[in-house]
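Structure record follows, encoded as structure tokens.
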2 protein chains.
Amino acid sequence: MQDVAKRANVSTATVSRVLSNPDKVSESTKKRVLEAIDELNYQPHVVARQFRTMQTKIILVVVPDITSAFFSQILRGIEHVAIEHGYQVILADTENKTEREREYMNILHQKQADGMVLLTARMNKHELEEISDAFPVVLACEYMDELNTPTVSIDNISSSRKAIQHFIDMGHRKIAHITGPMDVILSRDRLRGYQQAMYSNDLPMDSLYIQEGNFTIESGYNQMKKLLSLDEPPTAVFVFNDEMAIGAINAVRDQGLSVPEDIAVIGFDNINMAPIFTPKLTTIDQPKYEIGQKAMNLLLSLINKEPLEKRKFVLKDELVIRETCGYTLSRNNDSRDKDGNAISTKILEH
Amino acid sequence: MQDVAKRANVSTATVSRVLSNPDKVSESTKKRVLEAIDELNYQPHVVARQFRTMQTKIILVVVPDITSAFFSQILRGIEHVAIEHGYQVILADTENKTEREREYMNILHQKQADGMVLLTARMNKHELEEISDAFPVVLACEYMDELNTPTVSIDNISSSRKAIQHFIDMGHRKIAHITGPMDVILSRDRLRGYQQAMYSNDLPMDSLYIQEGNFTIESGYNQMKKLLSLDEPPTAVFVFNDEMAIGAINAVRDQGLSVPEDIAVIGFDNINMAPIFTPKLTTIDQPKYEIGQKAMNLLLSLINKEPLEKRKFVLKDELVIRETCGYTLSRNNDSRDKDGNAISTKILEH
DNA sequence: CCAAATACTGTAATCGGTTACAATAAAGGT
DNA sequence: ACCTTTATTGTAACCGATTACAGTATTTGG
């Protein structure tokens, strides 16, 4: 920077201003400085700037599982908004471990990032509250009651209810649920939706019909095997996510049965494999990209200390009816739900 | 830090030493300082340290597509090694755009990262050479001849040859290839392997049998449709990656034909969906996690200016025979290749 | 018992920008 | 013509750690 200043015959302050406050500098000197920068191929030392301004322009995004098809779409939403506003995204993969989640909190404490988007919150409410009181933090996907942290999510309880109601409307009575790990709020919420729908339709609930998986294809496979080995196996199974649903369908098939004829299945998330898998997956679609965008926009407001219009955003989900729930067997692939909204199930749409 | 120093009745230099050179400090003062740190809940200002030491302890990883199942495994390999050595990983998603690739190079120029792992290299050789001469850079997956940049990859030509040879050994003669975009070296390499195998078996090559896709499921679907509409459609298709292979299989099915009976298919990468998809995908397995680990270890050597044992590492790939190539139809799911190596195809392995 | 080596700690310069404040020049107003 | 305001630029303090160097205390060796 000294060199540039010398060459342009100005002070370092002016060079700095050309770079970060161009309006404060006259056209002529600005031109001279820019030329000098160009000639000397000067690159500002970003870390020095970060140090001086106490801003890193970095956003930390904590993901429970980077390999999951679901989160990558959310990430993209976050990243697009971030880059647009001059921020960069650091990814932190917790691999579903709560300790690692905690470790990453340090990055905020140490001011290595200007803010954080949490796509997982296994920590207890107290810890979360503490960190989000001190730093800009947005929670996405997971929702906690009575938590002040700004949140973007869908209503997991109602969407889960919607799925079960669909089964019931089609005449199913023996409906099982493969849940996610019970220490994850999302799992408890979706389970609650299942229970609510069963109760309100006066259907009995056998606790054997509730099996806890761990998000993976394998665990979907194993839990479905358990359900199939019951004396009275279910005729329909609602699965916490699409990955486990795919595992579950494989289990049905390995048992010589078929989906949806013998067992109907509904998944969750509408990952990009859902319309491609055979049979095509009926599932709850989350607006993944939009969740990411919204979360990042919220975070920017927090960082800039702008007032928030509200702290909790619940986006719309949608039951996408394809083949695994059996609904469309006697019909065309394209259908409409009872509200008349198109439920497109064309293959290869995304 | 001042506060800590005062409280422990030492100078800031000593506090600093306790944190970064604990051996230089006596046990008693170390204890005092640590107590003070604890009582004041002091967090070192990492950016200040980065500034002073001119090290960020950050690694930039440039990925062509973060949503791809293939790369996430490599990422995990990189990240594990990085964290183990006190480095953090920033992810840069180029979304398959060369411009964005170039943009990210700036992060290195600006010293915002100590090194970079490239999982994509669409830039020309000259640009790449320039940056890798000036900074620690490792190339993974893609391989360029006559390039000095340290590289970790498999031998794409030979693995592609292997796939085609398998088709030929099974009696196929009309073998097509759905490639990746031709501006990607990997695509050209795998195409070359296809051509070599065809030539060396005196099989004719119809240029209509070579169709260029763009990595996505959709393009696999579309290119396969083209192949199916030929007067003399192929009986076997080698596809650049598993995603496109899955699209291709769907196209076959939509045409009322079936895999592998009418058309045999071999994919590439062995993504985690490969053994789950129906029919199970025969594919070339890349040691994804190991590629990531090796690349990161190489990068660490570069950063620490250690000598490299060599600059090019070619890891072993493996043809994993499952169902889509037809080989195991009359046999068990488990098979062995001609070298006697087990080719496990158990469902739900990963 | 003293010199030399060793162990520990403190002082202060330093990294490369940013920005408050001061200084100067130019423009505008009466 | 003179004062006020505005525009532009320079000077130098500052951000919070690290570390070379110097100084002091302690141990070792003869």
Side-chain angles (χ1 to χ4, degrees), chain A residues 1-38 40-58 86 88 106-114 135, chain B residues 1-38 40-58 86 88 106-114 135 303-304:
Chain A
M1 191 160 174
Q2 294 248 7
D3 299 341
V4 174
K6 199 165 293 171
R7 182 158 195 130
N9 214 20
V10 294
S11 70
T12 58
T14 302
V15 176
S16 174
R17 277 189 279 257
V18 168
L19 259 29
S20 42
N21 267 67
D23 322 333
K24 299 252 166 198
V25 183
S26 76
E27 282 306 321
S28 59
T29 52
K30 195 190 302 182
K31 186 155 158 288
R32 262 199 348 271
V33 170
L34 288 175
E35 274 174 19
I37 287 179
D38 208 47
L40 296 176
N41 198 17
Y42 162 75
Q43 294 273 2
H45 195 292
V46 177
V47 177
R49 176 183 301 160
Q50 292 177 351
F51 171 55
R52 179 58 231 235
T53 61
M54 297 290 148
Q55 289 203 1
T56 59
K57 292 285 175 178
I58 286 175
Q88 286 179 15
N106 276 332
I107 295 188
L108 263 197
H109 275 123
Q110 297 168 348
K111 310 264 169 57
Q112 280 198 83
D114 293 348
F135 303 97
Chain B
M1 191 158 172
Q2 294 249 6
D3 301 341
V4 174
K6 200 164 292 172
R7 181 157 195 127
N9 215 20
V10 293
S11 70
T12 58
T14 302
V15 177
S16 173
R17 276 189 280 257
V18 169
L19 259 28
S20 42
N21 266 66
D23 322 334
K24 299 253 168 198
V25 183
S26 77
E27 282 305 320
S28 59
T29 52
K30 195 190 300 178
K31 187 156 158 288
R32 265 203 341 276
V33 170
L34 288 174
E35 274 174 20
I37 287 179
D38 208 46
L40 296 176
N41 198 16
Y42 161 76
Q43 293 273 3
H45 195 294
V46 178
V47 178
R49 175 183 301 163
Q50 291 177 350
F51 172 56
R52 176 60 229 238
T53 61
M54 297 289 148
Q55 289 202 0
T56 60
K57 292 286 176 178
I58 285 175
Q88 284 179 16
N106 275 332
I107 294 188
L108 263 197
H109 275 123
Q110 297 168 347
K111 310 263 169 57
Q112 279 198 84
D114 293 348
F135 301 98
I303 290 174
N304 300 326

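Chain naming here is simple, since letters A, B, ... match the order of the sequence lines and numbering starts at 1 in each. None of these values were measured; they are calculated from a predicted model.
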- How far does OG of A:Ser16 sit from CZ of A:Arg52, to the nearest 0.5 angstrom? 9.5 Å

- Message: Using heavy-atom distances to pick each residue's nearest nucleotide on DNA chain D, tell me which of A:Arg52 and A:Ser11 is more 5'.
- Response: A:Ser11

- Task: Could you tell me the separation between the CE atom of A:Met1 and the OG1 atom of A:Thr14, rounded to the nearest 0.5 Å?
- Result: 8.5 Å

- How long is the line joining CD of A:Gln43 and C1' of C:dG17, in whole Å? 15 Å

- Message: Taking the minimum atom-to-atom distance to the side chain of A:Thr12, which one of C:dG16, D:dA12, C:dT9 wins?
- Response: D:dA12

- Taking atom P of C:dG17 as reference, at what distance in whole Å does atom NE2 of A:His45 sit? 7 Å

- Task: Give the rounded distance in Å between these two atoms: CG of A:Leu19 and C1' of C:dT18.
- Result: 11 Å

- Verify the contact: side-chain N or O of A:Thr29 to OP1 or OP2 of D:dT8, cut-off strictly under 4.0 Å; return yes or no. no

- Task: Consider the side chain of A:Phe51, meaning its heavy atoms from C-beta on, and name the nucleotide among C:dT9, D:dT19, C:dG16 that approaches it most closely.
- Result: C:dG16

- For the pair made of CZ in B:Arg17 and C1' in C:dA12, what is the distance, rounded to whole Å? 12 Å

- From NZ of B:Lys111 across to C1' of C:dC15 the rounded distance in Å is 12 Å

- Message: By nearest atom, which of the nucleotides C:dT9, C:dA12, C:dA20 is closest to the B:Ala13 side chain?
- Response: C:dA12

- Give a yes/no answer on whether the side chain of A:Tyr42 brings an N or O atom under 4.0 Å of OP1 or OP2 in C:dG16. no

- Rounded distance in Å - NZ (B:Lys57) to P (D:dA17): 18 Å

- Note on the structure: CZ (A:Phe51) and CD (B:Gln50) are apart, to the nearest 0.5 Å, by 11.0 Å

- Between atom NZ of B:Lys24 and atom CZ of B:Arg17, what is the distance when rounded to the nearest 0.5 Å? 8.5 Å

- Query: Taking the side chain of A:Thr14 as its heavy atoms from C-beta onward, which of D:dA17, D:dT9, D:dC15 lies nearest to it?
  - Reply: D:dT9

- When you measure from the side chain of A:Thr53, which nucleotide among C:dT18, D:dT9, D:dT18 comes out closest? C:dT18

- Query: Any Lys/Arg nitrogen of A:Glu35 or A:Arg32 sitting under 4.0 Å from an Asp/Glu carboxylate oxygen of the other?
  - Reply: no

- Task: Calculate the interatomic distance between A:Glu27 atom CD and D:dA7 atom P; express it in whole Å.
- Result: 14 Å

- Task: Under 4.0 Å between any heavy atoms, over every strand shown, what does A:Val46 touch: base, sugar-phosphate, or nothing? Just pick one.
- Result: nothing

- Note on the structure: Here the distance between atom C1' of D:dT19 and atom CD of B:Gln50, to the nearest Å, is 18 Å

- Working to the nearest 0.5 Å, report the span between CG of A:Asp38 and CZ of A:Arg7. 10.5 Å

- Task: Select base, sugar-phosphate, or nothing to describe what B:Ser26 touches, counting heavy atoms under 4.0 Å on all strands.
- Result: sugar-phosphate

- So what does A:Val47 touch, heavy atoms closer than 4.0 Å: a base, only the sugar-phosphate, or nothing? nothing

- Item | Residue met sooner reading DNA chain C from 5', once A:Asn21 and A:Ala48 are mapped to nucleotides | A:Ala48

- Which part of the nucleic acid does A:Val15 contact within heavy-atom distance under 4.0 Å: base, sugar-phosphate only, or nothing? nothing

